[in-house]
Novice: 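Questions regarding the structure given below will be posed in turn.
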Number of protein chains: 4
Amino acid sequence: MNGEAQVRIDLSSPEPAYRQIAGQVRALIVEGALAPGATLPAVRRLAIDLGVHFNTVAEAYRQLAEEGHIDVSHGRVARVVARQVPPAEPEKVAQYQARLRNLLAEARSAGLTREQFRELFEGDEP
Amino acid sequence: MNGEAQVRIDLSSPEPAYRQIAGQVRALIVEGALAPGATLPAVRRLAIDLGVHFNTVAEAYRQLAEEGHIDVSHGRVARVVARQVPPAEPEKVAQYQARLRNLLAEARSAGLTREQFRELFEGDEP
Amino acid sequence: MNGEAQVRIDLSSPEPAYRQIAGQVRALIVEGALAPGATLPAVRRLAIDLGVHFNTVAEAYRQLAEEGHIDVSHGRVARVVARQVPPAEPEKVAQYQARLRNLLAEARSAGLTREQFRELFEGDEP
Amino acid sequence: MNGEAQVRIDLSSPEPAYRQIAGQVRALIVEGALAPGATLPAVRRLAIDLGVHFNTVAEAYRQLAEEGHIDVSHGRVARVVARQVPPAEPEKVAQYQARLRNLLAEARSAGLTREQFRELFEGDEP
DNA sequence: GTGGTCTAGACCACG
DNA sequence: GTGGTCTAGACCACA
């Protein structure tokens, strides 16, 4: 998976590394780039590739496992799981609306126009 | 500003409270809901309204002041500043693309469809 | 909470320490010994009391937080949350039946009679 | 023995596979479903039936042999042994009480009522 | 003050 | 080989 360097982290970001890793792997899964059954790199392997401690990667994998995205068990390689997403509760939707709105505001105060931001979204087809 | 409860925070979110506050106030400014010259609520007042420690609100205001969105130097009231937004550097744009992508992935894994997510964006006209 | 030493762990058990801690605190909550709103000991405090590293306690708290039993956020003390338990799915019930059956079998092979085991259950009224 | 699929394991459980297998076979022996002298399935056979590596089954058998429940010394087939159970030490009893209590707490936090849990126990007559 | 994150590395458990 | 757990302790973030 990461021979092509599909995961990149920024240690200077306020976002913790383990959550960046989880977020990017989650994105690959949700977008279908990592299909059900696909194997993930070993935690120690990916850790070396990313230049972090293996515990950091393990933490990311653990979070994905809790969400049901991947299956990790003792002694076995981590694998993507075929998962059915439950329908989103309205409460969740509102929460994401707030988060999207905040992200947009932050982007605009960093100099992006609303149009630029929309293009980021449109140009991101899976 | 907050008589109409335009700011709401979710303490159970992984996003720290002070950044939620800053993000939402920043959104109001960037969208024009808070015009240059407008006064912001007093730190202690907003803190009470939101049910957080006033240090938390102060931290949010401090960040907005650092970004140049508000001015807190004249006496006690914070005022919105007319600010020039510099054009976004390509590096910044890429960073926001990554963040948007992660947010979308998280939303989708929480049950939102891509279409639902887009609607969140479209339905958020300033 | 732990002035009365309500939590005890056995490091020689195959059960990891953090899961023992989580299990016992969960028991106190479910049984009502720790009511909603009650504060839990600070992770570093409980760690000292139990003779483990604070990371171990933090791991237990994190698990309880994920389950929705407690509320932990940055800078705040951990508190028990008023939680509504969703109805148990049949699949879950079967899983616990298997686990109970295994525990009983293990107990019997360790010398407990079936009757002794039942008394353990009956004598454990909250 | 396993033509009737009396043993089932759940790979997603935190309980390791080998211990699940040992636990369930032990249950069958203690409950009398597998009488002294009965033969157990070959390691490789059961491994195939359960979809696990045969080392996993071998580990389970090894543990049962160590406990004195089965005998693997005569040739290749494992046989159930007539065994004297020593009376349980009070320390052991307390240990099982703790484990039962934790299991109950976990079950209740998963949505089972205390009554449902008791029924699991009652409905499990050998 | 509180909890969160990360590194470092030992040692274990599992398959 | 794989992942899991724990310790040790630094340093950060938050209220």
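Lettering follows sequence order; numbering is per chain, from 1.
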Novice: Starting at CD1 of A:Ile48 and ending at C1' of E:dC6, how long is that distance when rounded to a whole Å?
Specialist: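 In whole Å, E:dC6 C1' lies 17 Å from A:Ile48 CD1.
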Novice: Can you tell me which stems DNA chain E forms when a stem means 3 or more consecutive Watson-Crick or G-U pairs under 3.5 Å?
Specialist: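 For DNA chain E the paired stretches long enough to count as stems (3 pairs minimum) are E:1-14 with F:1-14.
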Novice: From the options A:Val80, A:Val30, A:Leu64, select the one residue that forms a side chain to side chain contact (heavy atoms under 4.5 Å, CB included) with A:Val25.
Specialist: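 Passing option: A:Leu64.
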Novice: Could you work out, with salt bridge (Lys or Arg N to Asp or Glu O under 4.0 Å) as the rule, every residue matching C:Glu67, not counting sequence neighbours?
Specialist: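 In terms of salt bridge (Lys or Arg N to Asp or Glu O under 4.0 Å), with neighbours along the sequence ignored, C:Glu67 is linked to C:Arg26.
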Novice: Would you please name every residue forming a salt bridge (Lys or Arg N to Asp or Glu O under 4.0 Å) with C:Glu59, sequence neighbours left out?
Specialist: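 In terms of salt bridge (Lys or Arg N to Asp or Glu O under 4.0 Å), with neighbours along the sequence ignored, C:Glu59 is linked to A:Arg62, C:Arg62.
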Novice: Summarise protein proximity over nucleotides 9-15 of chain F in one line of letters, 5' to 3': B for base, S for sugar-phosphate only, - for none, counting protein heavy atoms closer than 4.0 Å.
Specialist: BB--BBS
Novice: Which atom pair, heavy atoms only, marks the closest approach of A:Ile9 to A:Val52?
Specialist: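 Heavy-atom minimum between the residues: CD1-CG1, 3.5 Å.
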Novice: Toward the 5' end of DNA chain F, which comes first, C:Glu15 or A:Arg45, by nearest nucleotide?
Specialist: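 The residue closer to the strand's 5' end, by nearest nucleotide, is A:Arg45.
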Novice: Can you list everything that forms a side chain to side chain donor-acceptor pair (under 3.5 Å) with A:Gln63? Sequence neighbours excluded, please.
Specialist: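 Partners of A:Gln63 under the side chain to side chain donor-acceptor pair (under 3.5 Å) test: none.
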Novice: I need the CD1-C1' distance between C:Ile9 and F:dT7, as an integer number of Å.
Specialist: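 Whole-Å distance recorded here is 13 Å.
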Novice: Do C:Glu15 and D:Arg99 meet the salt-bridge criterion of a basic N to acidic O distance under 4.0 Å?
Specialist: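 No, no charged N to carboxylate O under 4.0 Å.
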Novice: Give me the atom names and distance for the closest heavy-atom approach of A:Gly68 to A:Val81.
Specialist: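 Residues A:Gly68 and A:Val81, closest heavy atoms: O-CG1, 3.3 Å.
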Novice: Going by atom type alone, with no hydrogens or angles, which donor-acceptor pairs under 3.5 Å involve a side-chain atom of residues 72-79 of chain C and a protein atom two or more places apart or on another chain?
Specialist:
from: C:Arg79; atom 1: NH1; to: C:Gly37; atom 2: O; distance (Å): 2.7

